[in-house]
Amino acid sequence: MANTITMSNGMNLLSFDFLKILLRGTGQVMFQNSAWTGLLFIIGIFWGAYAEGLGVVAWGALVGVIVSTITGYLIGFPARDGEQGLWGFNGVLVGCAFPTFLGNTIWMWLALILCAALTTWVRTGFNNVMAPWRVNSFTFPFVFTTWMFLLAARAMNGMPPTHMAVPALPEVFSSVENIRFGSLIVYWLKGVAQVFLIDSWVTGLLFLIGLALCSRWAALWAAIGSALALFVALIFKASGFEIAHGLYGFSAVLTAIALATVFYKPNRRSALWAILGILVTLFIQAGMNVLLEPVGLATLTGPFCIATWLFLLPHIQLDEQEKPDHSNWYPENKKHLRDQQPLIKMPAEQTADTSLAIVPGAEVKDETPGRKSDDSSENRRKESPKR
């Protein structure tokens, strides 16, 4: 008894099954229902955060995913969503964002806990609103709630906006100067890492490896998304600082994975659609940077959400689905995900119990199919206020 903390639905919070759910919640930021992917993401977050001297960001990520996941169980939302990590991905991003932008005070941590919990039911509410349009809220619950708390921080000394940008009108900036091959590789990998607000090329590499463990298509398109965004940002002479820190890559990474591998089956048509989506995401990113600079807010993964909605709302048929339903990425809705099998499974998933399987195509025996949200996040706390 001393080794168990059991929820009303029977879930033991100290069990290996609950740990896998937390890891899947982290993996779902990039639409991956894999505990192994989530583990690589957590390792990458800790590596990058401590390498930057911002270890508090990594611990914030853990608190965020735990709080948002437990909240789903306490409220009594469909257990299937919890098992697939769908309560956790907005919370883990909140956990990364708060210590990145705010001072490390007890009140900041209390606000983080409240905001992480809030994302769980806000996600359900946003998905209900979007249901008639057959699209998902993705990481917008994280974006919206975090924006509100960061704005509130400017009126509350208890959670000082220590690392937020100073509100200012757009000003002159310099383009990137170092375009040697080695530097470009670093910028490219940082674009992947910045999904979790981490400014580390090593973290970006770990994220790509984690993606490959669940879906080689997702890893490929994450790499393409960051690379293409970097190339176009260089061509259009965007801010050198933002390019060097991967701040034009992270939303493009999420858009690429969503359009090319998740909501459409990988093929030539979806590839072209995803490339267009990446390009549009880049311009939305630049526009939102200018829009939010006067209030000192980061874009977070807002550009990804907006761009992906713009490309999914027309419900264009790019694969065998006659009437595409983009309200979730359950395998019975997106059948091509059944073919994206992880290279390895966690021990408990070698058993016949598929309800907790990390395989994206695993069928889960449970109640109502809730709707799903992905992904995504950005700017580093000391140097990159515009995320």
Side-chain angles (χ1 to χ4, degrees), residues 24-25 27-33 68-69 72 75-91 93 119-145 215 217-218 221 251 254-266 269-270 273-274 277 280-281 301-340 359-376:
R24 285 182 213 131
Q28 288 283 15
V29 171
M30 297 196 203
F31 299 96
Q32 305 308 303
N33 184 25
S68 59
T69 301
I75 293 177
F77 286 147
R80 179 184 191 186
D81 278 11
E83 290 163 359
Q84 295 193 9
L86 300 181
W87 301 331
F89 66 87
N90 282 295
L93 293 177
T119 62
T120 305
W121 66 81
V122 168
R123 168 187 170 268
T124 299
F126 281 175
N127 282 341
N128 288 341
V129 171
M130 296 178 177
W133 302 321
R134 304 200 307 276
V135 293
N136 193 268
S137 63
F138 306 131
T139 56
F140 194 67
F142 149 67
V143 174
F144 178 77
T145 56
S215 168
W217 279 114
W221 276 99
S251 275
L254 295 173
T255 300
I257 295 172
L259 296 179
T261 75
V262 177
F263 293 99
Y264 289 111
K265 182 179 180 179
R269 297 183 69 193
S270 63
W273 200 237
V280 171
T281 301
T301 52
F304 148 68
C305 294
I306 293 173
T308 305
W309 288 332
L310 292 178
F311 279 76
L312 293 182
L313 279 169
H315 296 286
I316 296 173
Q317 185 180 351
L318 299 179
D319 49 30
E320 64 272 11
Q321 270 195 308
E322 293 184 8
K323 295 181 179 179
D325 179 4
H326 304 308
S327 61
N328 64 70
W329 53 97
Y330 288 150
E332 62 269 26
N333 182 29
K334 301 298 179 182
K335 295 183 173 57
H336 62 274
L337 295 179
R338 297 174 186 267
D339 300 327
Q340 297 179 16
V359 185
E363 295 191 11
V364 183
K365 299 176 182 178
D366 200 2
E367 320 128 25
T368 326
R371 47 188 61 242
K372 218 170 173 174
S373 319
D374 167 83
D375 81 320
S376 205

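Values below: all heavy atoms of this structure, side chains included; hydrogens, waters and symmetry mates excluded. Remember, it's a predicted structure, so these values are computed and weren't measured experimentally.
Between Thr119 atom OG1 and Phe144 atom CZ the span is 13.0 Å, to the nearest 0.5 Å. A distance of 7.5 Å separates CD of Gln32 from CD of Gln28, quoted to the nearest 0.5 Å. Atoms CH2 and CG, on Trp309 and Leu313 in that order, are 9.0 Å from each other to the nearest 0.5 Å.
Considering only heavy atoms from C-beta on, Pro266 comes within 4.5 Å of His336 through its side chain.
Without hydrogens or angle criteria, Asn90 side chain to Phe142 main chain gives a donor-acceptor distance under 3.5 Å. In this structure, Glu83 contributes its side chain and Asp81 its backbone to no donor-acceptor pair below 3.5 Å. A donor-acceptor distance shorter than 3.5 angstrom exists from the side chain of Ser68 to the backbone of Trp87, with no hydrogens or angles considered. Using modelled atom types, no side-chain atom of Ser137 and backbone atom of Phe140 make a donor-acceptor pair closer than 3.5 Å. A donor-acceptor contact shorter than 3.5 Å links the side chain of Ser270 to the backbone of Lys265. In this structure a side-chain-to-backbone donor-acceptor pair under 3.5 Å is missing from Gln317 to Pro324. With hydrogens and angles ignored, the 3.5 Å screen pairs no side-chain donor or acceptor of Asn333 with any backbone N or O of His326.
Closest approach of Val135 and Leu312 over heavy atoms only: CG1-CB, 4.2 Å. Across all non-hydrogen atoms, the minimal contact from Pro141 to Val122 is CB-CG1, 4.0 Å. Closest non-hydrogen pair, Thr261 versus Leu337, comes out as O-CD2, 3.6 Å. When every heavy atom of Ile257 is checked against every heavy atom of Ala218, the shortest pair comes out as CG1-O, 3.8 Å. Closest of all the heavy-atom pairs between Leu318 and Arg269 is CD2-NH2, 3.7 Å. In this structure, Met30 and Leu254 approach most closely via the heavy-atom pair CG-CD2, 3.9 Å.
Every residue was checked against the side chain to side chain donor-acceptor pair (under 3.5 Å) condition with Thr145, not counting sequence neighbours, and none meets it. Take Thr281 and apply the side chain to side chain donor-acceptor pair (under 3.5 Å) test, not counting sequence neighbours, and it matches Thr255. Ala256 pairs by the side chain to side chain contact (heavy atoms under 4.5 Å, CB included) definition with Trp221, Ile278, not counting sequence neighbours. Evaluation of the side chain to side chain contact (heavy atoms under 4.5 Å, CB included) rule for Phe311 yields Leu259, Trp273, Leu276, Val280 as partners, not counting sequence neighbours. With sequence neighbours left out, Trp121 forms a side chain to side chain contact (heavy atoms under 4.5 Å, CB included) with Thr71, Ile75, Phe77, Ala117, Leu118.
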inquiry  = Before you tell me yes or no, could you show the steps for His315 and Lys323 under side chain to side chain contact (heavy atoms under 4.5 Å, CB included), namely the whole-Å CA-CA distance, both residues' side-chain angles and the distance that decides it to 0.1 Å?
reply    = CA-CA 7 Å; His315 296 286; Lys323 295 181 179 179; over 6 Å; no

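Evaluated for a ring pair (Phe, Tyr, Trp, His ring centres under 6.0 Å) with Phe31, the options Trp217, Phe263, Tyr330 yield exactly one hit, Phe263.
Annotation: Phe126 is not in aromatic contact with Phe138 [ring centroid separation under 6.0 Å not met].
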